[in-house]
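Below: the structure, in structure tokens.
The first residue in the sequence is number 1, and the count goes up from there. Whatever order the structure lists them in is the order used to number ligands and atoms, beginning at 1. Everything quoted here is computed from the prediction, not taken from an experiment.
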Amino acid sequence: MTSNIAHRIVQLKRDRKAILLAHNYQPPHIQDLADITGDSLELSREAANTDAEVIVFCGVEFMAETAAILNPNKTVLLPRLDAGCPMADMITAADVAAVRAQHPGVPIVTYVNSTATVKAESTVCCTSANSIQVVESFRDSDTVYMAPDQNLAKYTARHTKKKVLHWEGYCPIHHHLTVEEVRAQQEAHPEAIFLAHPECPPEILDLAHEVTSTSGMIRFVKESSRKSFIIGTERGILYSMKKMNPHKEFYGASPRMVCADMAKTSLEDVLRALETLEPRIQVPEEVRIRALKAVEMMLRISS
Ligand code: SF4
């Protein structure tokens, strides 16, 4: 049954001139069928360089919006319209406008894990891989404001002399990882080194051998001569890591690091999206242009 669905998806992908993108946190059966797996921005940028007419984004809504911002002439589908992001929903465009009014002249650096309307209100975007570089680029400002993730802001603040104000948002999956959970894994696997995502709180980052983004983690484990790793991010990434490095061992930092929204996408959802070309993610042009400006400014800084 599953292989029938997978076969039909492959056929329809060809007929529709579609590309299937899967975030690193997606379930294994989705990652296995994807044309490209990666982090959200990486995927959206790669999609722009293909001749695909349809992008099927297996991830959450803000990621499909980013794909729509960068690919205005392609049809962007999100197989599960109810796959949202609690962190992205912790701030609105009106909140960003209020921050700007409260801190006139202070650049607002917004994590790509945010809605299109929030990006449109921001000065510039950043990722977990380039936040320090983006913040440092404001040579004439001693202060910046980061949103929505407080932990990415605190991590960035550790690596810059600038004052980093921040919104109080957080990713529940990373924010609730505890020191006790990490220590228990370190005791169970003393040979393993611990990699943490900057969305984790500072006391977790203090325990890490390496703090890096999802793409950074994938690169690190591939290039490292070490054989085992404790991974402090969403557990979906363990599957891609093991697939790419079958002779290395990977342990999740906690069994609780599962994003329910990321786990929603099924093969049936992907098939239905390809059959109906729905649900389609569209960003109003006026919002898209302003959000694109914030994304492009980040790309110029970090290129
Ligand atoms: S893992 Fe966190 S940031 Fe990513 S989609 Fe889930 S809630 Fe949002």
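- Across Lys227, Arg226, Lys242, a single residue satisfies salt bridge (Lys or Arg N to Asp or Glu O under 4.0 Å) together with Glu249, and that is Lys242.
- Side chains of Trp167 and Val118 form no contact here, defined as non-hydrogen atoms less than 4.5 Å apart.
- Going from atom OG1 of Thr75 over to atom CD1 of Ile281 covers 12.0 Å, rounded to the nearest 0.5 Å.
- If you count the protein N, O or S atoms nearer to atom 2 (Fe) of ligand 1 than 2.8 Å, you get 1.
- The aromatic ring centres of His23 and Phe57 sit 6.0 Å or more apart.
- No path of Ile, Leu, Val, Met, Phe, Trp and Tyr side chains, each step under 4.5 Å between heavy atoms, connects Val270 with Leu43, placing them in separate hydrophobic clusters.
- In this structure Asp35 satisfies the side chain to side chain contact (heavy atoms under 4.5 Å, CB included) test together with Lys13, Ile19, Leu20, sequence neighbours excluded.
- Of the protein's non-hydrogen atoms, Tyr25 CE1, 4.1 Å is the one closest to atom 4 (Fe) of ligand 1.
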